[in-house]
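Notes follow once the structure below has been shown.
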Amino acid sequence: MAKEYNFREIEQKWHRLWTERQTYKVVEDENKKKFYVLNMFPYPSGAGLHVGHPLGYIASDIYARYKRLQGFNVLNPMGYDAYGLPAEQYAIKTGQHPEKTTFANIDRYREQLDKIGFSFDWDREVRTCSPDYYHWTQWAFQKMFNSYFDEELQKAQPIEKLIEKFKQEGTWPTDEKAQSDLLMNYRLAFLGETMVNWCPKLGTVLANDEVVEGVSVRGGYPVEQKKMRQWCLRVSAYSQRLLDGLDTIDWSESIKETQRNWIGRSEGAEIEIPYTLSKDGDEAGSFTIFTTRADTMFGVTFFVLAPESELVDKVTTPDQRAAVDEYLKYVKSRTERERMIDHTVTGVFSGAYGINPITGDKCPIYIAEYVLAGYGTGAIMAVPAHDSRDYAFAKHFDLPIIPLVEGADISEESYDAKEGIVINSPITPDKSVEYDGERLCLNGLTIKEAIAETKRFVKAHNLGRVKVNYRLRDAIFSRQRYWGEPFPVYYKKGIPTMIPEECLPIELPQVEKFLPTETGEPPLGNAQIWAWDEKNRKIVDKKLIDEAAGIYPIELYTMPGFAGSSAYYLRYMDPHNDQALVSNRAASYWQNVDLYVGGSEHATGHLIYSRFWNKFLFDLGVSKKEEPFKKLVNQGMIQGRSNFVYRIKETNTFVSLGLKDKYDVTPIHVDVNIVKNDILDLEAFKAWSPEYATADFVLEDGKYVCGWAIEKMSKSMYNVVNPDMIVENYGADTLRLYEMFLGPVEQSKPWDTNGIDGCFRFLKKLWALYWDKDGNLALTDDEPSADSLKTLHKLIKKVTGDIEAFSYNTSISAFMVAVNELSQQKCSSRIVLQTLPVLIAPFAPHIAEELWEALGGEGSVCDARWPQYEEKYLVETSVKLGVQFNGKVRFDMLFPADATPEQMIELATSAPEAAKHLEGMDIVKTIAIPKRIVNIVVKPKT
RNA sequence: GCCCAGAUGGUGGAAUUGGUAGACACGAGGGACUUAAAAUCCCUUGGCCAGUGAUGGCCGUACGGGUUCGAUUCCCGUUCCGGGCACCA
């Protein structure tokens, strides 16, 4: 009896031994080089893990194990992003505390993860909802509150420095409330009265990245704009550093591009525009416009203000007042969503005129919703000839259009491109206003030159300034929810005040109900023990609130999801430290994440917030690197592959795919777990649902063939494949191999169980190499054959290169080839066969351990050394090359391996096979590509 | 509209970055072993054409051009699919 590959026994055994031996425990060791591998930690949802989750974890685990085999001290931790809406909504429905459901889900995740055999160091697990974790989330928030961004130093500084500055300038107010209000404009975490995305259905505000097309990402509920007092993080202060940092990190170009778009840097000019309240009136004031196209100053024919702009009131003339008010009413009535979808031209004349400082022309000032209050200055100069939105507006209101680019046809649409030669700037020399004896003239310049020249002119004559604008907005940092980190803040006579650092963490209070209170307060309004006793430094019953006694209300908002996930990678370095977020020693050792693996859907959320948060902590000296994640790999999504059965209408008869066109059928989703290779398991189908117990079938070739489609993996489509099933039937090693074999890690692909047998067969073949017919080890101490050594070293070379390049599917192919070759060579040499377990260990750790142990290896295969390939085994004594004439391969021949290109050409042209091709021909050119081909270009003799 | 990434057999995907396209796997077909099934092993498998046959020829990497002795790879144009941003001045 040959020894069977009993994956169940093997995997159970090694899970036990790994735990007993603490194989994956990692400690800082300054004598070893570190490597930090990280997965985006999961939100533990009630549905458990599906096959899409482990994809990234397996990919990073392979890399982590590989690095360990190379002698690195590898940190590969795992934890849970445990705060979140689903648990809270479940709590509202059932009254069950979200902590309870969350912990239950975590246990289930852990159980599933353990089956797959990851090399996580579970001693370092973090949970964002645990007080000793969010202690440091609250701490970081307080640090941000007590910091401001110094524009000159381009970094965060203690707020005391700013107070000092105000005192020196003599602008420091004496009133405490005024002091607080002043500093709020500078603090990195601040309370701001801003337009927020308010979602009435969820009863909370949302960040910009949580809203897509006017509805909430979670739930898809409508979102409206509302002015509210909210905690914000001054992410925008770091815009330039967030942008610059992108050039220093090894992330995919598309993610970096997405972030660049999100940050939205645009370089332009702010120009002062004086205005009058009638065509011939005197100057009544001025406003500032922002433009990236300073070169088009000569084409301005009107100005536009955003309806929300504070200037609207000032520029509206009495006789236009009624029309303007009506327009503002109309704009207010429109939701964000309507404004986004419907781009019809609307607007109203304000009655005032702006004076173009370059031409001296007076142009009407309009109010229109196509100009946004939140970007630039909320006011623009309109150049209809060269901006499509201005063009549409000008056509609609019949305003003049002045072309400024040579040859540009603007009869049908504007010419927006920044290419061409400038004309009409000015039309006549006297159309350019003279400043200090200089008149601006752009005619004949390219647009790029003209932009630079105008900026220079504007700056030189003090008409405005060069200005960089960013689209990146400050992040709204408070939520009206229960299941999140409470703010360590109380309101002392209305002034937000930090609870002392030593009193942290402020634990989430117990509440009876998880809904907002009847008075409209957030859920924390339900908490009874939720007031701060300043003198005794503790949380007390809110009935005791009394300013005189120094007992004040505590903030009722909680922090958003990204609060806990923004610095968790630092916490893994030192997860049990109760004195600091991370010790200096641990932070100095682990530095930052070398390899980060996760989905690209976090491009404008987590991956921006984390970078911001880390940059702040870097300024503080807590984090040791400016960028948190050196290399980022985005694993693709695993889509579902649904199966269908076809029921003949109004019957309980199901017809196989190939015959369905002959009947009138309804396709019905069928559970993919009772379908194998698209063949339906009829008995399982009958048992699946009582409705089908009596089903009849129309078969083809005795089988029922199901249809299929690629869809999102979801419960309702019965296409969810969970890893437990695969582990049960094939083992964790097969699952790991197959998930990687499916295709490149970065690529999205449907989960299709059809190919899994190939990986399972491979492991069985590998296993079979080691055992004889009687189940004994079949190894000999014979010298390996040259062929076997070549196979082995070819494999080492290929696998090493492929892992480095994250090309796991090709390295698995290489294993398959090598095992087939060794099996054909009947290789039984210990020298060759004891290397294989080490090579396969990152991919299939269980079988690797078992073989390693059987071969008498020391300890765990995890501590073996990754083999080096030797060129000498790969060298050929002779090489077979194709000889081609005029690019077509004509014959193959053998060359000495060390032949020079010249010698190869010589040999090829004198070979007998070449004679007939050379007959009557002249050799035009000869090329020899080493190890590839000898190319001879011929043409008929003239 | 702007930006980014793609398109290779029946299927998932390879191709050392300009050098014999289709590795590896699945599926399919044929065969061996077996009372039978499972498991295992072997052969064939991009298309078309010629040949009893070994084999030979032509066409083929979304489409149309170009550079090159040689293009899946580089350049220009077109179509289609995916992703991001979007009245951002």
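Being a predicted model, the structure only gives us computed values, none of them experimental. Proteins come first, then strands; the chains are lettered A, B, ... in the order of their sequence lines, and each starts at number 1.
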For RNA chain B, produce a single dot-bracket line, 5' to 3'. Pairs: Watson-Crick or G-U wobble, both distances under 3.5 Å. Symbols: ( ) within strand, [ ] crossing, | other strand, . unpaired.
((((.((..(((......[....)))((((((.......))))))(((((....)))))..(((((..]....))))))).))))....
Residue [X], side-chain atoms from C-beta onward, closest of [options]:
X         : options                : answer
Gln747(A) : G13(B), G84(B), C24(B) : G13(B)
Asn809(A) : A14(B), C24(B), C87(B) : A14(B)
Pro744(A) : C3(B), C85(B), A14(B)  : A14(B)
Phe741(A) : A25(B), C85(B), C69(B) : A25(B)
Lys764(A) : A25(B), A39(B), C87(B) : A39(B)

Donor + acceptor pair across side chains of [X], [Y] (<3.5 Å):
X         : Y         : value
Ser239(A) : Ser236(A) : no
Glu821(A) : Thr791(A) : yes
Tyr370(A) : Asp390(A) : yes

Ile812(A) or Ser254(A), whichever maps to the more 5' nucleotide of RNA chain B
Ser254(A)
Starting at the 5' end of RNA chain B, which residue's closest nucleotide do you reach first, Gln824(A) or Ile756(A)?
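Between the two, 5'-proximity favours Ile756(A).
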Under 30°, 30 to 60°, or over 60°: which ring-plane class applies to Phe760(A) and Tyr730(A), parallel, tilted or perpendicular?
perpendicular
Using 30° and 60° as the class boundaries, would you call the ring planes of His606(A) and His602(A) parallel, tilted or perpendicular?
perpendicular
Does the ring of Trp771(A) carry Lys3(A) above it, NZ/CZ under 6.0 angstrom from centre and within 45° of its axis?
yes
Looking at the base of C69(B), is there any donor atom on it, or on the side chain of Asn935(A), that sits under 3.5 Å from an acceptor on the other one?
yes
Look at all strands and tell whether Arg265(A) reaches a base, only sugar-phosphate, or nothing, counting heavy atoms closer than 4.0 Å.
nothing
